[in-house]
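For reference, the structure is listed below as structure tokens.
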Amino acid sequence: MSDQPHPQDRTRVLIPAERIQARIVELAREIRADLGDGPLTCIGVLKGSFIFMADLVRALDGPVRCEFLGVSSYHGGTRSTGVVRITEDLSHPIEGHHCLLVEDIVDTGLTLDYLRHFLEGRKPASVHTVCLLDKPGRREVEVAPDYVGFTIPDEFVVGYGLDLGEFYRNLPYIAVYSP
Ligand code: PRP
Ligand code: 7HP
């Protein structure tokens with residue numbers, strides 16, 4: 001017997017893979033329409049955004065740099081610890097760059113709020129934010145991502161990069177997890 005969770009046991013599909021892909025194409029168009037076709041530094045927030053980042057940058061036309069920030073605040077559970085920890089810094093300076101912070105989900109908003117200030121301290125030309133999923137019902141700080149893929153209810157979700165205890169990130173869809 002394996003101790004690995006079986007996705008079908010505890011999950012139900014909320015957003016199928018095809019809807020995610022279609023929405024990402026729309027988001028990429030919106031972002032370029034607003035921000036222009038110049039160089040854009042996309043900053044993926046690890047680990048959760050790695051799949052969204054990979055699909056979004058391939059949908060974006062024009063010159064794109066890819067950077068990553070390692071961040072953790074959930075430490076494996078279903079509740080934010082409220083303490084945002086940077087585990088991996090950017091690999092290059094972003095001074096003067098137009099930046100797009102790429103998040104998988106905005107929940108309490110603590111991570112996005114922290115990272116926005118963190119990046120602004122590096123003197124970029126601009127910082128915009130995009131998240132695939134927004135759970136506005138759970139905000140603890142007032143933050144509003146500039147671009148949102150899907151607004152979702154207050155349920156714990158997994159898949160498409162999002163985890164529970166490091167499992168489920170590989171699901172190609174977003175699913176609600178019920179314990
Ligand atoms: C998740 C997610 C966001 C953050 C959002 O990261 O990827 O970065 O939580 O939550 P918040 O709005 O309540 O701050 P997590 O700490 O689970 O790390 P992970 O990306 O490595 O899974
Ligand atoms: C973080 C996070 N990780 C996975 N699923 C959720 O619903 C989450 N909210 N915040």
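Since this is a predicted model, take the numbers as computed values, not measurements. Both ligands and their constituent atoms are indexed starting at 1 by order of listing.
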Problem - Close approach of Leu46 to ligand 1, heavy atoms, under 4.0 angstrom - result: yes
Practice task
Can you spot which of Glu166, Glu103, Glu88 makes a salt bridge (Lys or Arg N to Asp or Glu O under 4.0 Å) with Lys47?
Solution key: Glu166
Handout entry: Distance-only donor-acceptor check, side chains Tyr160 and Asp55, under 3.5 Å
Key = yes
Practice task
Identify whether Ile152 and Leu132 are in the same connected component of the hydrophobic contact network (ILVMFWY, side-chain heavy atoms under 4.5 Å).
Solution key: yes
Problem - Numbered atoms and elements of ligand 1 in range of Gly48, under 4.0 angstrom, heavy atoms - result: 19 (P), 20 (O)
Exercise for the section: Heavy-atom contacts with Asp104 under 4.0 Å: which atoms of ligand 1 show up? List them by number with element. Expected result: 2 (C), 3 (C), 7 (O)
Completion exercise
ligand 2 to Lys135, heavy atom cutoff 4.0 Å, flagged ligand atoms 6 (C), 7 (O), 9 (N)
Fill in the blank from the handout: Here the pair of heavy atoms bringing His97 nearest to Pro124 is O-CB, 3.4 Å
Practice task
Could you tell me which atoms of ligand 1, counted from 1 in the order shown, lie closer than 4.0 angstrom to a heavy atom of Thr111?
Solution key: 4 (C), 5 (C), 8 (O), 10 (O), 11 (P), 14 (O)
Problem - Enclosure of Asp89 CG (heavy-atom neighbours >12, cutoff 6.0 Å) - result: yes
Handout entry: Proximity flag Arg169 to ligand 1, non-hydrogen atoms under 4.0 Å
Key = yes
Completion exercise
Near Asp107 (heavy-atom distance under 4.0 Å), the atoms of ligand 2 are 8 (C), 9 (N), 10 (N)
Completion exercise
Among Ile105, Val157, Asp104, the residue with a heavy atom nearest to atom 4 (C) of ligand 2 is Val157
Handout entry: Closest heavy-atom pair and its distance - His128, Asp146
Key = CA-OD2, 3.2 Å
Exercise for the section: Check each heavy atom of Leu112 against ligand 1 and say whether those closer than 4.0 Å belong to the side chain, the backbone, both or neither. Expected result: neither
Practice task
For Thr11 and Ala175, work out which heavy atoms get closest and say how close.
Solution key: CB-CB, 3.7 Å
Problem - For Asp163, atoms of ligand 2 separated by under 4.0 Å from a heavy atom - result: 4 (C)
Handout entry: Nearest-option assignment for atom 3 (C) of ligand 1, heavy atoms, candidates Glu103, Arg138, Lys135, Arg85
Key = Glu103
Problem - Whether Phe156 and Tyr177 hold their rings parallel, tilted or perpendicular, with breakpoints at 30° and 60° - result: perpendicular
Handout entry: Where ligand 1 meets Asp107 - atom numbers and elements under 4.0 angstrom, heavy-atom basis
Key = 10 (O), 11 (P), 12 (O), 13 (O)
Exercise for the section: Would you mind listing which atoms of ligand 2 come within a distance below 4.0 Å of any non-hydrogen atom of Leu162? Expected result: 3 (N), 4 (C), 5 (N)
Exercise for the section: Heavy atoms only: give me the nearest Ile174-Gly159 pair and the separation to one decimal. Expected result: CD1-O, 3.5 Å
Problem - For Asp163, atoms of ligand 1 separated by under 4.0 Å from a heavy atom - result: 22 (O)
Completion exercise
Correct closest heavy-atom pair for Val127 and Arg116 would be O-NH2, 3.2 Å
Fill in the blank from the handout: Numbered in order shown, the ligand 1 atoms found under 4.0 Å of a heavy atom of Ile105 are 2 (C), 3 (C), 5 (C)
